[in-house]
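Below, read A as the first sequence line, B as the second, and so on, with proteins coming before strands; counting in each chain starts at 1.
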There are 2 protein chains.
Amino acid sequence: MSNQNKEKNYLKNYRIHDYEVPLTCVDVVIFTIVDNAVNVLLSNRKHYPCKGAWAIPGGFIDLKKDHDLQQTAYRILFEKTGYQAPYLEQIGSFGNAQRDPRGWSVTITYFALVNVENVTFAADCQWYPINETGEVNKSLAFDHNELISEAFQRLRSKAQYSTIILPVLPEKFTLSELQTCYETILGGKLNKAGFRRRILKAEVITELSGEYKQTSTRTAQLYKRSDSDNVYFYMREIYAK
Amino acid sequence: MSNQNKEKNYLKNYRIHDYEVPLTCVDVVIFTIVDNAVNVLLSNRKHYPCKGAWAIPGGFIDLKKDHDLQQTAYRILFEKTGYQAPYLEQIGSFGNAQRDPRGWSVTITYFALVNVENVTFAADCQWYPINETGEVNKSLAFDHNELISEAFQRLRSKAQYSTIILPVLPEKFTLSELQTCYETILGGKLNKAGFRRRILKAEVITELSGEYKQTSTRTAQLYKRSDSDNVYFYMREIYAK
DNA sequence: CTAATAGTGTCTATGAGACAATATATG
DNA sequence: CATATATTGTCTCATAGACACTATTAG
């Protein structure tokens, strides 16, 4: 038998269920900002294990429908929030023998950034604020509080040198609102003049000429995300205190 | 039946093989520097599929022996290189329906940095230089050239703002050798005075007082990694040209 | 007018890039 | 001494941080 035929033969007889395999699933930590606090979307589990417990949205790969991992994550996010194209990034995979009572399990974890006003979330979901350690004050299913914490660290770290957080803002926003979002995520105050210089240099937002937001005092210029709303990466980190 | 008993019952009857699951494996891109070029360790596949093809070291999770994903990666690395504690970092997971002829498959990919002199690699392995696009000039099994490229991008990107590459150096080295390593990975020349200021500021290397390396001209001060050889992250990127 | 927030001007501090000067080996 | 590389000094430049000043709105 030729080598090629041997390979064909091997593949014909290959059955994944002849092997011991881990559980593999995809989880998505969905962040937004509500009332100047970072919030995460929690979903109440309908099925065993951990039925009734709160958890971040997640699920198994649909081998028939999902073309790749990213699409699994998009599907999960869409099912829970109705969002079509949010900011979505893989933060890493976590796997060990203990994290799931069913056995050795791996989660490929993503994080997403959404604007709270654009979410029409499923009935089993709710926003929950995260605390200073990047977790929620609530006992969650599996190791989900750790996953949230990891995701938040990534978010905060990226906010220090990029314009990643723009998707949490509404369509139109002021520079002060944008600065407040950064301050919320970074956990400290930023210098106003410096912040403005920095964000304008990135050319990721565009002034809406003639459009202003009424406030109790001086009106503020409105901006929108630029059409080419790619994330900009700075050569230097910003410092919040 | 109580809710707790129902859960126990569910777990007792849970069989992973009742579900359609993807293949899940761990692959490790092992980098070193040989003759001022970044090299990657390739292993010749002994088993189907892609028997006889070159691939990066990888394998399945051993559900009995491996406590977590990181340990799977360490095990794979140790089996191929004899290395006990190299620099190892997860770069991400890649999964889709096409990348493995056996079906939907996920790889959790790590990259490692080793010093070439400390490796005693397995007989089925060899170093292979990577080209400007971060791939090897060779057709590899599965999507392994893409994985190498992703890993190399991560390596280069991290070298711009951290001291991550120290593990590729031998026990004792000169500042010029260290700078050459950085230049090899970054793909450009660095400013000498600036580089020295920067690396010494990080306090990740220690002068070996009285020890010098003979060269054809002036001897050079030897250094070693500091005992606390944690990776240092700079607030600002370095620029190679 | 006052209060409050929006928006700008400018000085300082940090650290990288450029480039040259000096030091020390070999032959 | 010539040459090559190691090592250091110093000037410039970009950008962040500090801080105060001006502008504009409501009441």
Side-chain angles (χ1 to χ4, degrees), chain A residues 36 157-163 169 172-183 186-224 232-241, chain B residues 36 157-163 169 172-183 186-224 232-241:
Chain A
N36 291 337
S157 152
K158 278 211 147 178
Q160 287 177 324
Y161 60 87
S162 79
T163 58
L169 289 152
K172 299 176 181 186
F173 52 88
T174 68
L175 286 183
S176 294
E177 287 165 348
L178 178 53
Q179 180 170 348
T180 303
C181 277
Y182 265 95
E183 290 172 340
L186 294 175
K189 285 285 173 194
L190 294 173
N191 174 269
K192 184 161 60 169
F195 176 78
R196 281 160 188 248
R197 269 195 312 258
R198 186 174 160 101
I199 197 75
L200 292 173
K201 185 96 188 287
E203 295 187 329
V204 288
I205 60 174
T206 308
E207 195 177 299
L208 290 161
S209 36
E211 295 193 57
Y212 299 93
K213 172 161 185 165
Q214 301 296 322
T215 75
S216 67
T217 63
R218 177 174 175 178
T219 60
Q221 176 67 54
L222 283 167
Y223 288 81
K224 67 176 177 93
Y232 182 89
F233 293 95
Y234 297 97
M235 294 280 284
R236 220 165 140 171
E237 288 185 4
I238 202 171
Y239 173 64
K241 68 165 192 186
Chain B
N36 291 335
S157 151
K158 278 210 146 179
Q160 286 176 327
Y161 61 87
S162 79
T163 59
L169 290 150
K172 299 176 180 186
F173 52 87
T174 67
L175 287 182
S176 294
E177 287 166 349
L178 179 53
Q179 180 170 349
T180 302
C181 276
Y182 264 95
E183 289 172 341
L186 294 174
K189 285 286 174 192
L190 294 173
N191 174 268
K192 187 157 56 170
F195 176 77
R196 280 161 189 247
R197 269 194 313 257
R198 186 173 160 99
I199 197 75
L200 292 173
K201 185 96 188 287
E203 295 186 329
V204 289
I205 60 174
T206 308
E207 193 178 300
L208 290 162
S209 37
E211 295 193 56
Y212 300 92
K213 172 161 184 166
Q214 300 297 321
T215 74
S216 67
T217 62
R218 177 173 174 178
T219 58
Q221 177 67 54
L222 282 167
Y223 288 80
K224 67 176 179 93
Y232 182 88
F233 294 96
Y234 296 97
M235 295 278 285
R236 219 167 139 172
E237 289 185 4
I238 201 170
Y239 171 64
K241 67 163 191 186

_To the closest 0.5 Å, what do you measure between OG1 (A/Thr180) and NZ (A/Lys189)?_
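Taking OG1 in A/Thr180 and NZ in A/Lys189, the distance rounds to 6.5 Å.
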
*First locate atom CZ of B/Phe195, then atom CG of B/Leu178, and finally report the distance between them rounded to the nearest 0.5 Å.*
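Reported value, rounded in 0.5 Å steps: 4.0 Å.
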
_Opening and closing nucleotides of DNA chain D in contact with chain B, under 4.0 Å to non-hydrogen atoms_ =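 Contact span on the strand: D/dA4 to D/dT10.
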
*Would you list the pairs meeting side chain to side chain donor-acceptor pair (under 3.5 Å) in which at least one residue belongs to residues 232-241 of chain A, sequence neighbours left out?*
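For residues 232-241 of chain A, and leaving out neighbouring residues, there are no side chain to side chain donor-acceptor pair (under 3.5 Å) pairs at all.
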
*Please name all residues satisfying side chain to side chain contact (heavy atoms under 4.5 Å, CB included) with A/Thr219, sequence neighbours left out, ordered by chain then number.*
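With sequence neighbours excluded, A/Thr219 shows a side chain to side chain contact (heavy atoms under 4.5 Å, CB included) to A/Tyr212, A/Gln214, given in chain and number order.
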
*asked:* Can you list, in residue-number order, the parts of residues 173-182 of chain A that come under 4.0 Å of DNA chain D, counting heavy atoms only?
replied: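 Those residues: none at all.
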
_Of residues 187-195 of chain B, the positions that come close to DNA chain D - non-hydrogen atoms, cut-off under 4.0 Å_ =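 Contacting residues: B/Lys192, B/Ala193.
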
Where is the tightest heavy-atom contact between [X] and [Y], given as atom of each residue plus distance?
| X | Y | value |
| --- | --- | --- |
| A/Tyr182 | A/Ser162 | OH-O, 2.7 Å |
| A/Ile238 | A/Ala159 | CG2-O, 4.4 Å |
| B/Ser176 | B/Arg196 | OG-NH2, 3.5 Å |

*Starting from the 5' end of DNA chain C, give me the residue, B/Gln214 or A/Thr215, whose nearest nucleotide shows up first.*
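Of the two residues, A/Thr215 wins.
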
*Sub-3.5 Å donor-acceptor pair from the side chain of A/Gln221 to the main-chain atoms of A/Leu208, do we have one?*
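Here the side-chain-to-backbone pair exists.
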
*asked:* Quick one: does any side-chain atom of B/Gln160 pair with a main-chain N or O of B/Leu186 as donor and acceptor, under 3.5 Å?
replied: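 It does not hold such a pair.
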
Can you name the side chain to side chain donor-acceptor pair (under 3.5 Å) partners of [X], sequence neighbours left out?
| X | result |
| --- | --- |
| A/Lys213 | A/Glu177 |
| B/Thr206 | B/Ser226 |
| A/Glu207 | none |
| A/Lys201 | none |

*With nearest nucleotides of DNA chain D determined for B/Thr217 and A/Arg197 from heavy-atom distances, which residue corresponds to the more 5′ nucleotide?*
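The answer here is B/Thr217.
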
*May I ask you to say what B/Arg198 touches in the nucleic acid, namely base, sugar-phosphate or nothing, with a heavy-atom cut-off under 4.0 Å?*
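Sugar-phosphate, no base atom in range.
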
*Near DNA chain C, under 4.0 Å by heavy atom, which residues of residues 234-241 of chain A?*
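Here the set is A/Arg236.
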
*Should A/Thr163 and A/Ile205 be marked as a side chain to side chain contact (heavy atoms under 4.5 Å, CB included) after you check the CA-CA gap, both sets of side-chain angles, and the distance that decides it?*
CA-CA 10 Å; A/Thr163 58; A/Ile205 60 174; over 6 Å; no

*Taking only residues two or more places apart in sequence, or in another chain, which ones meet A/Tyr161 in a ring pair (Phe, Tyr, Trp, His ring centres under 6.0 Å)?*
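So A/Tyr161 forms no ring pair (Phe, Tyr, Trp, His ring centres under 6.0 Å) with any residue.
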
*Start and end of the DNA chain C segment that chain A contacts, any atom under 4.0 Å from a heavy atom*: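 Listed 5' to 3', the contact boundaries are C/dA4 to C/dT14.
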
